[in-house]
Each structure stands twice: as structure tokens, then as C-alpha cells.
Amino acid sequence: MKFILSLKSFIYILFFPSLVVSIVPDRSSISQFQSLSYGKTIVSSPHGMFELGFFNLGYPNRIYLGIRYKNIPVDNVVWVANGGNPINDSSADLKLHSSGNLVLTHNNMVAWCTRSSKAAQNPVAELLDSGNLVIRDLNSANQESYLWQSFDYPSNTMLSGMKVGWDLKRNLNIRLIAWKSGDDPTPGDLSWSIVRHPYPEIYMMKGNKKYHRLGPWNGLRFTGMPEMKPNPVYHYEFVSNKEEVYYTWTLKQTSLITKAVLNQTALARPRYVWSELDESWMFYSTLPSDYCDHYGVCGANAYCSTSASPMCECLKGFKPKYLEKWNSMDWSQGCVLQHPLNCKHDGFVLLEGLKVPDTKATFVNDSIDIEKCRTKCLNNCSCMAYTNSNISGAGSGCVMWFGDLFDIKQYSVAENGQGLYIRLPASELEAIRQRNFKIKHVTIVTAASGMLVLGIYFIYRIWRNINEKSKAENNYEGFVDDLDLPLLDLSIILAATDNFSEVNKIGEGGFGPVYWGKLASGLEIAAKRLSQNSGQGISEFVNEVKLIAKLQHRNLVKLLGCCIHKQEKILVYEYMANGSLDYFIFDLLRNTDHTKGKSLDWPKRLSIICGIARGLMYLHQDSRLRIIHRDLKGSNVLLDEDFNPKISDFGMAKTVGREEIEGNTNKIVGTFGYMAPEYAVDGQFSVKSDVFSFGILLMEIICGKRNRGRYSGKRYNLIDHVWTHWKLSRTSEIIDSNIEDSCIESEIIRCIHVGLLCVQQYPEDRPTMTSVVLMLGSEMELDEPKKPGVFTKKESIEAISSSSTNTLTITLSAR
Ligand SMILES: *[C@@H]1O[C@H](CO)[C@@H](O)[C@H](O)[C@H]1NC(C)=O
Ligand SMILES: *[C@@H]1O[C@H](CO)[C@@H](O)[C@H](O)[C@H]1NC(C)=O
Ligand SMILES: *[C@@H]1O[C@H](CO)[C@@H](O)[C@H](O)[C@H]1NC(C)=O
Ligand SMILES: *[C@@H]1O[C@H](CO)[C@@H](O)[C@H](O)[C@H]1NC(C)=O
Ligand SMILES: *[C@@H]1O[C@H](CO)[C@@H](O)[C@H](O)[C@H]1NC(C)=O
């Protein structure tokens with residue numbers, strides 16, 4: 001033992017000279033002839049992030065040697081040595097042999113061993129704080145060169161600093177392999193790695209089948225991952241040279257813990273971030289990110305767009321191979337050219353905003369420009385498409401595709417994707433040109449015919465509406481066939497709510513009254529009766545409900561069922577015992593029950609703030625659709641009996657395509673006082689408008705006051721108030737007196753800081769909800785907030801007419 005300690009001190013002195021005094025009693029290495037037995041662990045140095053040891057995953061007689069986070073209690077295993085070959089009792093032993101190899105034996109049989117690249121003289125095995133188990137030679141001059149490292153043989157988890165790809169010198173493919181299931185680390189058949197096409201890309205493979213494709217690296221990002229942008233969490237890199245081809249990412253903030261895990265059950269590769277506050281892994285993003293991300297859903301020569309209906313469309317100049325199949329939404333056979341190619345007399349049509357096709361049959365030359373690329377492609381009759389291989393800056397390099405084009409996806413925001421020049425016969429190009437000209441001709445050249453077209457269009461719309469309504473009303477069951485949600489009979493709801501009696505009415509949401517009710521089973525419900533003039537047809541309603549039904553998050557009110565009967569449309573939600581948040585923070589029941597505000601002490605309020613943030617993040621981030629709430633405020637946050645917050649009224653919010661993060665609307669819904677300036681003024685809504693509303697709500701929760709109101713006779717603007725006090729470092733003066741006793745000042749200041757970041761005037765300055773959740777849940781450094789933007793109709797009019805001195809009235813410059 002003494003020897004171990006002294007050896008360890010030696011290592012410490014060698015590598016961490018300043019840490020000599022803080023030697024922890026855990027071991028962090030195994031040297032020659034030493035062994036690790038069952039029940040013992042090796043702890044990573046110097047910070048003790050990870051440990052190596054023997055453990056089971058719920059079955060006591062299946063024991064694994066593995067690495068896990070030392071201080072995280074759940075889902076903490078990041079690497080397993082003997083995944084497919086567990087040990088059945090505690091007689092396991094891990095030794096470092098003089099050859100420099102770790103050998104795991106059990107009953108004198110080898111259960112697992114490493115194969116070091118060369119023999120060592122004085123080997124040592126060490127666990128690093130990155131989670132990497134390494135073997136190196138103490139006699140070797142280069143201590144960074146390892147004889148073996150676990151990062152070269154990943155399990156299902158990608159950690160910061162790990163490379164996924166190819167070490168070409170050793171012909172080693174470093175890839176993630178999913179576990180068979182959450183409690184069985186036997187390698188499954190789902191893997192994630194780089195495939196070395198001329199234009200390399202990352203595939204998720206299910207067995208031999210392509211399941212998801214991240215697309216090639218285009219100089220800025222993987223073309224199939226538009227959200228890969230400089231972010232506060234991690235830095236990413238793709239390297240391709242003669243020695244290696246790999247993708248890697250590293251954390252920017254050491255206080256954050258994040259991992260990407262390949263999951264066989266979910267057939268996905270989600271990324272999680274550890275939330276200290278919550279003691280759980282928070283979902284951050286996932287691959288595949290939507291339906292169109294599934295490999296080749298549209299077949300050959302077609303493209304997929306989640307915001308289109310149907311999602312698949314043939315490329316211009318192509319037609320469905322089997323029209324009937326195509327029209328019944330079986331797209332697997334794809335599309336073929338409408339007219340045959342003519343080789344030298346062909347041309348190209350540009351399709352923009354794409355995840356470019358599968359690069360299996362490609363050719364790349366980094367030193368050819370786009371004009372030469374075109375010529376080269378034109379001269380080879382089997383070249384079907386070309387584009388720049390690097391879109392950074394003005395674009396450079398040349399990539400060409402041969403044969404059918406597979407797995408193209410189109411983003412609804414063109415900048416998210418990249419352009420592709422697709423080969424078509426000259427005759428086809430001429431037809432396209434004429435079509436475009438005709439469209440221009442009709443809509444622009446003569447105003448009169450333009451009006452006519454418009455008129456016809458409206459008549460068509462009205463006809464279609466009538467048609468759809470009658471169709472829908474006659475057989476709406478058709479729509480709900482695949483609805484994962486109980487369709488309740490009106491009589492059940494009438495019985496539960498006492499025929500919608502006034503006594504049972506518990507609120508008036510944006511879209512109609514809400515009634516409390518009790519089902520025969522005893523379950524309490526909140527039934528929202530949508531006003532009949534909501535203008536929504538049955539099919540739209542059902543579509544909406546289908547979307548909401550898929551939203552499952554503990555910070556969203558759960559939809560239990562719905563009811564459609566003639567004009568009656570009712571949504572049935574779980575009932576929230578403590579009503580809405582505004583009653584508590586604004587003491588609305590002051591006269592009858594003054595304990596309300598007090599009953600929400602600071603810890604509860606903080607957990608409510610974090611809960612709302614997570615709920616909103618889920619709406620913005622969910623993999624299937626992106627939802628902008630548009631009306632987040634205290635009365636739309638409900639509290640269950642344990643004061644867990646649940647966002648409500650999100651169902652009628654705006655859903656936008658996954659890639660489209662902004663929209664424009666003619667009808668501005670929402671509540672003044674919570675609205676972001678760009679939304680209130682221009683009807684420009686985005687996830688960032690929700691972030692703004694969240695910031696306002698956060699400050700209301702802390703201050704116990706409404707953003708807009710009158711207090712002691714004076715007009716009052718909470719954000720103004722908070723900003724002024726923040727600038728003077730006097731935030732303690734604005735805290736709700738109800739939480740003075742329970743508050744922790746540093747937490748409050750951090751919350752206000754985050755709140756101020758959320759209400760900055762320009763949307764691009766505001767953080768995303770994902771960042772907000774991270775900022776609330778960690779110690780990461782925060783940016784200085786810029787001046788908040790606040791706009792309310794009344795104020796601006798007043799400000800203009802009386803040139804008020806209100807410093808916070810924003811300039812409404814068109815942006
Ligand atoms: C454990 O496995 C070994 C073979 O690897 C077998 O001989 C032994 O009987 C097993 N022990 C138990 C308790 O199952
Ligand atoms: C995969 O995801 C499922 C939920 O979809 C989860 O229950 C399971 O534990 C996950 N497996 C792994 C290995 O993380
Ligand atoms: C892409 O182009 C940019 C700018 O021209 C250059 O800096 C970068 O190295 C290129 N990337 C690759 C992968 O060639
Ligand atoms: C790329 O193109 C340049 C210029 O045409 C040529 O000299 C070079 O040989 C090409 N490289 C490859 C790998 O084809
Ligand atoms: C066209 O390109 C393909 C793939 O690089 C090649 O095999 C073929 O020989 C080329 N044909 C001509 C005529 O250059």
C-alpha cells in the first residue's frame with residue numbers, strides 16, 4: 001500500500017506539481033503487477049469526476065467492468081469493457097500485465113483484455129478526468145501518447161474530447177455502438193460513425209441499413225444539422241486528413257456535464273445535459289431530429305420537407321415512378337426523370353436550402369471552383385448534380401453526384417441548408433423557365449388579371465372550406481383513427497361538469513371557458529370548451545389535438561382527451577389543484593386569504609421558475625415540432641398540489657416547422673405587458689418572443705408585482721424598475737416582501753440577471769430557452785444584459801404625444 005501511495009505521489013508530482021498537498025485517498029491508477037478486485041474502484045484524477053470499477057445494472061449476477069460518473073447517481077455509466085460478456089460472481093480481477101495490457105479474469109478465464117499498440121517497459125493504467133482510461137509507458141518520453149485508451153473503443157456514450165471517426169494509420173473505426181437496452185450493455189445493432197465516402201459523412205446504421213445520415217461536413221457544419229452553430233455549451237470540430245477523419249466536441253464550461261448517447265430502444269442519439277438542481281439528465285437535442293431525417297423516406301430523386309404536405313415531393317423535372325403508390329403516400333419507389341437526359345445539351349436547375357444527397361457515389365476536388373465544377377459535371381453524362389464542397393465564405397471546392405439522388409431534405413429556412421445544381425434535359429429547363437415567366441406574367445403584368453386570380457383563389461378557398469367542413473363533420477372519426485387519445489362522448493363531459501354549470505366554471509382561457517369536472521372514475525378534469533366562433537374547422541382541430549397529444553412533459557398540462565360533437569369542441573385536461581400562478585404571486589385573493597403569497601417561499605418560486613423554463617424549452621425544442629406559446633403569463637401557468645408548475649394554453653399556440661423558428665402573423669394574440677416588442681409591433685413572433693415573456697414572468701415571480709400596473713397611484717413598469725435597481729446594484733430592494741425571509745440573495749441575483757438577458761430588446765441578443773435552463777441550473781458565467789425593450793401600445797402613444805420622459809419607451813425603428 002505504501003508503495004502505491006508513494007508511486008502515486010510521484011505521478012502527482014510529475015504531472016500536477018501544485019496538487020501534491022491534496023492527495024485523495026482513492027487510487028487513480030494501476031501499475032504493473034497490481035490488480036483491481038471486485039468492490040474496489042479507481043477514481044479519476046485530479047477532480048474525481050469518474051470512477052472505474054465493477055458494477056451491475058440491476059441484475060446482481062451480471063457484473064461489468066466499467067466507467068461511470070462518480071457524483072451522478074442516475075444513468076451514470078459511460079463505458080463498459082465486457083458488455084457482451086458479463087461476469088456472474090464477485091471473483092473478478094483486473095490486472096495490468098507487464099506487456100502493458102489490462103486483463104480481466106474470472107475463475108482463471110480471460111473475460112476481457114486490451115491489445116496495446118506496442119510493448120511497454122514500465123506501464124501504468126490511469127483514469128483521466130475526461131472519462132478516458134489510458135495505458136501509457138512511464139519510461140516513454142511522450143506521455144501524451146497512449147499504448148491504449150478506452151476513448152478508442154467507445155461504448156454507447158460520446159463524451160467531451162472523444163473522437164468519432166477513423167484512425168487511418170491503424171485502420172481503426174472509432175464508433176458508438178448502442179446497448180441492447182437500458183439495462184443490458186450487450187452491443188446492439190445500432191451504430192454511429194463516419195463513413196469514408198469521397199465526401200465523408202456520419203451515418204447511424206441499424207445493422208446494415210442506413211437509418212439516419214448527418215450529411216457531409218460542408219466547412220461550417222454537418223449539412224444535416226443546421227442547429228450546429230457556435231453555442232454556449234460545446235465547441236465542435238471535424239478533421240479530415242491523411243492520418244485521420246473524425247468529429248469531436250469539447251465542453252466550453254467545465255462546470256457543465258453533457259453526453260451524447262446512442263440508444264437502441266429509441267433508435268436515436270440524444271444529447272443530455274446534467275442538471276444539478278433537478279438531479280436528472282436534461283434532454284438537449286436529438287438525432288434524427290424529425291421525420292424527414294429518417295434515411296430515404298422519399299425514395300430516389302425526391303426531397304422531404306416537414307413543413308410541406310405531403311412531405312415528399314419529386315425533384316423538379318422528375319415524376320413519381322409509380323404514381324398510384326406515390327399518391328397513397330408510399331414514397332419508397334421514388335421518382336424518375338420526366339424526359340430522358342440528352343447529355344451534352346443538358347443544363348442544371350438550382351434547388352436551395354437542402355441537406356445534400358447521400359454521398360456514396362460522389363467525387364470531390366477541393367481545388368475546383370463552381371464554374372469548373374459545372375463544366376466537369378456537364379461533361380460526364382452520369383453526373384447528376386454538383387455543388388460547392390465547402391460553403392464557408394464565398395464557397396469553394398467541387399462535389400459531384402453520380403446516379404440517383406437519395407435522402408434529400410429541404411429546410412424551411414434556406415440558410416439552414418445548401419444549394420444543389422441538379423441536371424435536367426434542356427427541354428425541361430425551358431419548360432421551367434416558361435412556367436416561371438407565366439407566373440410572373442399573370443401576377444404582375446396586368447393588375448386586372450391579378451385581381452381575377454385572387455378572386456378565383458378566394459372562391460376556391462371558400463369552396464374548399466365548405467367542402468372540408470361538411471366532409472369533416474360527416475365522418476370526423478376518419479380523422480381520429482390514429483389519434484392516441486381517448487375521444488370522449490359529450491354526455492360524459494356534461495355529467496362530469498354538471499352540464500357546464502356556472503358553479504363549475506373555473507376560468508376563461510383565451511379560447512373559451514374552462515370547467516372543473518369529475519369523471520365517474522373520480523378523476524378530476526378541467527374541460528376547456530372552445531368557443532364556437534373560433535373559426536377552426538374540425539380537421540384543423542383534430543390535427544391540433546394530435547399534436548398536443550404528443551407533447552408529454554411534466555411541466556406541461558396534460559391533455560387527457562377530447563370531445564367533438566357537431567359544433568362543440570372540448571379539450572379535457574388534468575385538473576390542477578392549486579390553480580394558476582398569478583393568484584399566488586399577485587396575491588389576488590388578498591382579502592380572503594392573505595397567506596397565499598407567503599405560501600410560495602423562495603425555494604418553491606425558484607423551482608417554479610426552472611420548471612416553466614423547462615416546459616418552454618420542451619415546446620421550443622421538441623423533436624417532432626416546434627411550438628411557440630405566444631401567451632406565456634402567470635395565469636397560464638398552473639400549479640399542481642405540490643406546486644409543480646405546468647404551462648397551459650399552449651395548444652392553440654403557433655406550431656412552426658422544426659427548422660423554421662420565426663413566423664409572421666396578421667392576428668396578434670397574447671397579452672400586452674408580456675409581449676416582445678418585435679411581436680407587438682410587427683407581428684414577428686419567434687421562440688425569442690416567448691423568451692421575452694418568460695423574462696417578464698420571472699421578474700414578476702421574484703418581485704410579486706405585475707409588469708404593468710399602478711402602485712400607490714403612480715404608473716409603474718416593473719422591467720424599468722428592475723433594470724434601474726440592477727444598474728445601481730440594489731436588487732435586494734425590489735424583492736417581494738413575502739419571500740424576504742426565505743430568499744438566498746445570490747440565487748435571486750442570478751435569476752434577475754437571466755431575466756434581464758431574456759427581455760433584451762433585440763431577439764438575437766436574447767438566449768434560447770435551452771441556454772436559459774443551463775444558466776439557471778449551473779454556475780456558468782453570464783453575459784452583461786443590454787437595456788431591456790419594453791413596448792405597450794398605450795405607452796407608445798403617450799410617449800409620442802407628450803414626449804414623455806419615460807426612458808424605456810423603445811425606438812420603433814423598422815428592423
Ligand atoms: C459462473 O459462470 C461459470 C462459467 O463462466 C460457471 O462455471 C459457473 O457455474 C457460474 N456460476 C454461477 C453461480 O452461475
Ligand atoms: C433509451 O431510451 C429509453 C427511453 O426511450 C430509456 O428508457 C433507456 O434507458 C435508454 N437507454 C439507454 C441505454 O440510455
Ligand atoms: C472552407 O473554406 C474556408 C474559407 O475559405 C476555409 O477557411 C476552410 O479551411 C475550408 N474548410 C475545409 C474543410 O476545407
Ligand atoms: C483537382 O483539380 C485540379 C485542377 O483541375 C487538378 O490539377 C487535380 O489533379 C485534381 N485533383 C484530383 C484529386 O482529381
Ligand atoms: C464519369 O464519372 C464516373 C465516376 O467518376 C467515371 O467512372 C466515368 O468514367 C466518368 N465518365 C466519363 C465519360 O468521364
Side-chain angles (χ1 to χ4, degrees), residues 55 57-59 64 66 68-69 72 74-80 83-84 154-159 165 176-192 194 197-201 204 206 215-223 228 236-242 244-248 258-274 280-284 286-288 359 362-377 379-380 383 386-400 402 418 550 552-553 622-624:
F55 50 81
L57 291 161
Y59 301 96
Y64 302 96
R68 59 185 179 189
Y69 286 103
I72 291 179
V74 291
D75 292 335
N76 53 9
V77 178
V78 297
W79 184 78
V80 176
S155 180
N156 62 349
T157 305
M158 187 168 179
L159 295 171
L176 301 187
I177 299 174
W179 293 5
K180 260 196 171 151
S181 67
D183 55 11
D184 181 2
T186 307
D189 71 347
L190 193 70
S191 65
W192 194 71
I194 291 183
H197 294 152
Y199 202 26
E201 49 180 333
M204 193 182 295
K206 183 160 183 345
W217 182 263
N218 60 22
L220 294 179
R221 55 176 178 266
F222 290 106
T223 139
M228 196 174 220
Y236 48 85
E237 194 182 10
F238 177 80
V239 171
S240 175
N241 56 38
K242 291 218 164 60
E244 41 188 2
V245 185
Y246 66 82
Y247 162 60
T248 187
T258 172
K259 61 173 185 177
V261 185
L262 193 62
N263 187 316
Q264 180 90 40
T265 328
L267 290 176
R269 201 231 58 181
R271 174 187 288 280
Y272 300 99
V273 175
W274 175 251
S280 70
W281 289 101
M282 240 167 44
F283 177 81
Y284 182 84
T286 194
L287 300 172
T359 64
T362 48
F363 168 85
V364 180
N365 188 328
D366 288 331
S367 49
I368 294 181
D369 67 16
I370 195 80
E371 275 314 308
K372 275 222 190 83
C373 194
R374 180 193 168 88
T375 315
K376 230 172 143 60
C377 187
N379 287 336
N380 184 323
C383 174
Y386 72 91
T387 193
N388 274 136
S389 56
N390 182 348
I391 63 167
S392 171
S396 60
C398 171
V399 52
M400 303 192 288
F402 300 95
Q418 106 193 51
K550 285 188 192 141
Q552 298 278 353
H553 189 273
D622 174 72
S623 54
R624 284 172 294 267

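Whatever order the structure lists them in is the order used to number ligands and atoms, beginning at 1. Only a predicted model underlies this, so the values are computations on that prediction, with no experimental measurement involved.
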Does D184 use its side chain to pair, donor to acceptor, with the backbone of K180 at less than 3.5 Å?
no
Kindly say whether V364 contributes a backbone atom to a donor-acceptor pair with the side chain of Y199 at under 3.5 angstrom?
no
Can you sort out which atoms of ligand 2 are near N263, meaning under 4.0 Å from one of its heavy atoms?
1 (C), 2 (O), 3 (C), 8 (C), 10 (C), 11 (N), 12 (C), 14 (O)
May I ask you to list the atoms of ligand 3 that are less than 4.0 angstrom from any heavy atom of N390?
1 (C), 2 (O), 3 (C), 8 (C), 10 (C), 11 (N), 12 (C), 14 (O)
Please name the pair of heavy atoms, one in G215 and one in E201, separated by the smallest distance, quoted to 0.1 Å.
CA-OE1, 2.9 Å
For G182, counting its heavy atoms only, list the atoms of ligand 2 lying under 4.0 Å from any of them.
9 (O), 11 (N), 13 (C)
Among all residues two or more places apart in sequence or in another chain, which pass the ring-ring contact (aromatic ring centres under 6.0 Å, His included) test with W274?
W281
Numbering as shown, the atoms of ligand 2 that approach N156 to under 4.0 Å (heavy-atom distance):
13 (C)
Do we see a donor-acceptor contact under 3.5 Å between the side chains of W79 and T157?
no
Taking only non-hydrogen atoms of S392 and a 4.0 Å limit, the atoms of ligand 3 in range are 1 (C), 2 (O), 3 (C), 4 (C)
Is a donor on one side and an acceptor on the other found under 3.5 Å between the side chain of D366 and the backbone of G397?
no
Can you name the residues that come within less than 4.0 Å of ligand 4, going by heavy atoms only?
F363, N365, S367, I368
Heavy-atom donor-acceptor pair, S191 side chain to L176 backbone, under 3.5 Å
no
Only one of N263, L190, V261, V80 clears side chain to side chain contact (heavy atoms under 4.5 Å, CB included) with N156; which?
V261
